[in-house]
Amino acid sequence: MLLLICFMLLTSPFSCEELYSENLQITHFPDHKVGAAFTFTSTSSEVNRQHFDILPRPLVSILLSYQVEELQLQLTQGLWRDKQWGYSHLAAPPGGHFLVWFGGTADDVESRWINVRNSISGITCASLGALSTEDTVSPRHSLKPTGLTSKQGNSTFMRYGVAPAEVVCTENLTPWLKLLPCGARSGLASLLDASKLYDTAYHSLGIRARRVACEGCQQKSSWEIRLTLSLVFSPVQLTDRRGWSFKTMFGRTLVNSCPVSSSTLVNVRFLEDLDTVELIPNEHEAVSNREVLFDAGNITQSKILNVYCRFKNKDTTPMTGPITPILAHTYISRQSSSSSGYLMTLFTNSHPYPVKILYLQIVPWYLRTYLHTLSLKQILPEETGSLQPDDMWVKLAKDRSHPYTIETALTIPADSTVKFSVQFEPLMLRWNEYPPDAHHGRNVPSGVVTFWGDNKQLIRMYTETPLVYLPTPDFSMPFNVLCLVSTVIAIVYGSIFSLTTKSLVCIKETEVKQGLLLQLINAIRGALKQDPSAPSKTLTQGDSAVTKTKAECEPPVPE
Amino acid sequence: KQWYQRRVRGVIVHKMKILMNRSRAKKFEKLLTSKNPYICALLYIAGVVGIALFADLRVNQNTFVSENALLPGYVVTKYQQHATAASYEREFSQISDDDSKKAWIIQKFQSYGLEVYTQNFTVNRPLRGDKLTGDNIYAIYRAPKVSSTESLVFSTSLKDIQHAVPLMMSLCQLITRQTIWAKDIIFLVSEQEEYGIGAWLQAYHDVITSPHITAAPVLAHSGAIQAALHLDMPVFSFDRLRMFVEAINGQLPDIDLVVLVRQICRQEKMQLLLHNSPHDLGDFGGNLLGLHANMAWQASGGIHFPSALYHPYNIHAVGIRTENSYRNRYTWQHMGRFTESVLRSVNNLEEQFHTAYYFYLMPCIERFVCLSVYMVPCGLILAACAARVLCLWFKCGYKGETESNMFFTDIEVKVLDCAYPALLAISLGLLNELISKWFTHQNIPYLLATSQLIVITLGVFLKSISDWRLHQAFILLLHVLTLVLLCMLNISLTIFYALPTTLVYMLQFPSNKLVRVLQRLLLLAVNPLVLVVLYTYLYVYLQLDNYQGSVLSDLHSEITSVVESRETLGVWSWSAYAYLLLPVWGLQWTLSFPDERIEEKKKKEE
């Protein structure tokens, strides 16, 4: 311990420009689910350095060598349900979501993107390397950088890759934890027990790196790297009760804090007033009537932190919480897997005033989209004629190259639901383009809805990733055809080949050079029979070999 | 006048020249024409015997599960909520009116934290002239680890006595406490039986299938529906389960789903029977009866259970109904475990149902006959008809042997001779179609019957045709083609229709007056409508022992519902009847054969 303190004292003067903080935000939702958002933030005022104390070196070296100015990676399992849980700045679409803003020159962005993809998949064990140009887009307006970039949001310098069917697992969590200065040994990250984390209703692992303005630094900007983990627990499902504790949710308690962390805070936000909640331990600071703050910076073995919370209201029926004013919901309208279908998105605005939104939809090339069928219609409270989008940017797909990018700016009238629909026709792929589980169908990447919230902050929502069944061939068919064809060829080829290449030529038996043994046998046979009237035997000879077929050159002498 | 006649003759008479190389086919031709009755009879009898053999254990095969992911019966069931179900049952049965029942259902779903939605719908029944209204209540359980891309449906119908609702609620209690689910589960309680399910599916998939159903839009979706289970529990303590597999238009679910349910029943030691078959595995006679019953259900193409409505949307579904006799061996616990087990097995699916058979016939729950087997006898019957066609064709242009191998056969086709019966036949079908479309009245069956009678009587007074062979060959060919088309869609209907009609059509030939009357009578008996009436009588006498009420009134309502269900639910039985079967029959009916003696005289003259 003493050694550690000495070490810390020694190193502290050199790492003064690097800061690290931990935060756990616990939120209660009306359906009695509990959201836990971990944010591990590290900042460094020095941008182009080769040595870092806190910032994860493998990550920063990737950022530096490929001139990445902003990076956002989210690996998500489950769907963030805006309707029940409200908006979250950590919300992400199901599966993999990978967004990179580049600096440098425009001509090598594509090659740097490939390299970044491969390197990042290396340090997160995600299959982002499998992302191809088919899954990559550069939308113009929807995904603006959040930090400082040199290119002022020029979309040619950005790449957005989506993998809606990407599966997230412990193999992603372990390397992610290694990027933290204290790993999973101490601090808030020590709460993360994989067996509990993957039993949640929502799970999103994130790496977000960006450049932020730095005051009083030598350079204008500094690195901010945030490792985020967003979870939604369901205490009612786990324990049949509304209450929870660190022990029941994470399976662990906080026994030590990370020594390099400048602040370690646990923030708990309730839906009801604090006097109806029993909260242990008592050493907490009430921020407001419904929010408390625990300082977890000075945890030791003797003073562990296990936040425990019990409600006086034991009813597990979902409460009527605040209404999420703007909602988006995507689904497929299709009757059978052989017909064409419609990609539908419903936008609901419960504000008493119209709201402008920006909607980005990526459609894979194998769902041939008929843009002339694109329509916007108000369906609730009553059905009216079609609406006009404010603006629209469309990039058409190219087969086996890139997907459709449809960006629509639209205004949703007050208190209404608007339906966006476009017809598509699934294509028959080449037989080797089907994944091993071809009958599972393919997911359409989720739509991104961006708009300004009430207090002028940018809100981003991600819609569902609906499953589309592609027409699938009978996969045993090529095999059957191959078998049949090769059998036919084998049979036909052999006979035709011998017919065309061999010719029947008559040779007298005597002309054939016989082996010694044969001569001997013939001699003996001749001696035994001694019959001169026997017809002379002939042998047929091919071009290359003597065949054993006996053909007679002259008609046999009638006896 | 002569010029005119020649001109008309030029238009209406086509000389068909057919290039034939008879030298090679001569042997075959000779055999076919000389031994034709025997060949036809042999093929036909072989077909009938083949169909009967479906009931034999050596022909049909044991059912098995093809999809490895299903793992039927491997899950450890956790259902212990029988007490909850029983208490819910007491609560629910005390509620008398529908609105309170719905409120109770909504409140229960909400208490488990599910998203609950209500969808109202109206169905106009054009023929009966009434309006059905109702509400569909559906709750979506969002599976925790997935992003709502796939789902299962567990549905039931709200009726006066429906114990499936308490069971569903107790299952909700179990499911919402589990984190094992990989697919969302949609709990659907619908009113008005199949109409409610139809309206909900139409709105869920956001398609308009029928202008007569107006349904409120479904605003909350889960993902693609992988499978559906419809439960009907008129009794909660029961002896056996009945499974309903036949869907609309004779479609069938993937046999894996059927076998899955059977396996789970076997594991729970419950008796499972196929809708109205009396036993699960019988002897030859029993299987034959079972096969007949199942094929009758499939052939009708109608909706016998609400689960039938899922199939047009590419959803594999089965329906289950509980049934008791006197022992009441099973109750909530068994049913809960059974339902949980089925849902969890289907939950294991990684892809859509795709590995097993969609086309099969089931003599009993344990055995099935697959497509490649049942097509053989069906093909034999059609081959008998085709042999007759060939024989007639060879004979009609035959003018003695010629020296040259290649020669032209002249066949004169008088267009007017063909046009009149063809018009009559098509009008027969069309008339039925138009009547059913325009006169939406409940007395429509009588109207249809009258129209039929008029056309039938008109047909009797037609002149006989001398080149009857060509006409008959054409009619039989049309008959074969119709059945080939039909057997791809509904094999049971094809077999039921093909067996009598093919025989009767083949028996039409020039004859004396007495035989002619007999032929006409037979022909009348195989009129598609009359055939349906006859089958209904047969079915009632064979299957329902203690049937009460008049068959005619039943038939009346049956025909009304068949015509109507095309408009509302998309059953194509009526279209097949009006566009395919009736015109062919009409052609056959309007074709008059010359007298036997005239034929013989002609032959002698030649």
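The chains referred to below are lettered A, B, ... by the order of the sequence lines, with proteins before strands, and numbering in each begins at 1. Everything numeric in this text was worked out from a predicted model, so none of it was measured.
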- [ ] Identify which one of S446(A), P94(A), P164(A) satisfies the side chain to side chain contact (heavy atoms under 4.5 Å, CB included) criterion when paired with S147(B).
- [x] P94(A)

Task: Contacting moiety of S222(B), where chain A heavy atoms sit under 4.5 Å - done: neither

TODO: Taking heavy atoms only and a threshold strictly under 4.5 Å, list by residue number the residues of residues 135-142 of chain B that touch chain A; give 'none' if the list is empty.
DONE: Y141(B), R142(B)

Task: Heavy-atom closest pair, residues Q226(B) and L467(A) - done: NE2-CD2, 4.4 Å

TODO: Provide the closest heavy-atom pair for R177(B) versus V236(A) in the form atom of the first, atom of the second, distance.
DONE: CD-O, 3.7 Å

Task: Side chain, backbone, both or neither of N443(A) within contact of chain B (heavy atoms, under 4.5 Å) - done: side chain

- [ ] Report the residues that fulfil side-chain hydrogen bond (donor to acceptor under 3.5 Å, both in side chains) with Q178(B), sequence neighbours left out, ordered by chain and then residue number.
- [x] W181(B)

Open item on the list: Given heavy-atom pairs under 4.5 angstrom as the criterion, report whether the side chain, backbone, both or neither of Y342(A) touches chain B.
Closed with: neither

Task: Nearest non-hydrogen partners of T200(A) and K145(B), listed with the distance - done: O-CG, 4.1 Å

Task: Those residues of residues 104-119 of chain B, ordered by number, that approach chain A below 4.5 Å (heavy atom to heavy atom) - done: Q110(B), S111(B), G113(B), E115(B), Y117(B)

Open item on the list: Minimum heavy-atom separation for H205(B) and S333(A), please, with both atom names.
Closed with: O-OG, 2.8 Å

TODO: Under 4.5 Å heavy-atom distance to chain A, tell me which part of L219(B) shows up: side chain, backbone, both or neither.
DONE: both

Open item on the list: Taking 4.5 Å as the heavy-atom cut-off, does anything in residues 248-256 of chain B contact chain A, and if so which residues?
Closed with: none

Task: Under 4.5 Å from any heavy atom of chain B - which part of I379(A) - done: side chain

Task: Considering all heavy atoms, the nearest T179(B)-Q237(A) contact - done: CG2-OE1, 3.5 Å

- [ ] With side-chain contact (heavy atoms from CB on, under 4.5 Å) as the test, would you mind laying out the steps for Q335(A) and T209(B) before giving the verdict?
- [x] CA-CA 10 Å; Q335(A) 205 171 352; T209(B) 51; 3.8 Å; yes

Open item on the list: Need one label for T149(B): side chain, backbone, both or neither, based on atoms under 4.5 Å from any heavy atom in chain A.
Closed with: both

Open item on the list: At a 4.5 Å cut-off on heavy atoms, which part of D199(A) comes close to chain B: side chain, backbone, both, or neither?
Closed with: both

Open item on the list: Could you walk me through whether D206(B) and Y331(A) satisfy the side-chain contact (heavy atoms from CB on, under 4.5 Å) test, starting with their C-alpha distance in whole Å, then the side-chain angles of each, then the deciding distance to 0.1 Å, before giving a yes or no?
Closed with: CA-CA 9 Å; D206(B) 211 348; Y331(A) 62 95; 2.6 Å; yes

Open item on the list: Please classify the contact between K419(A) and chain B as side chain, backbone, both or neither, with a heavy-atom cut-off of under 4.5 Å.
Closed with: side chain

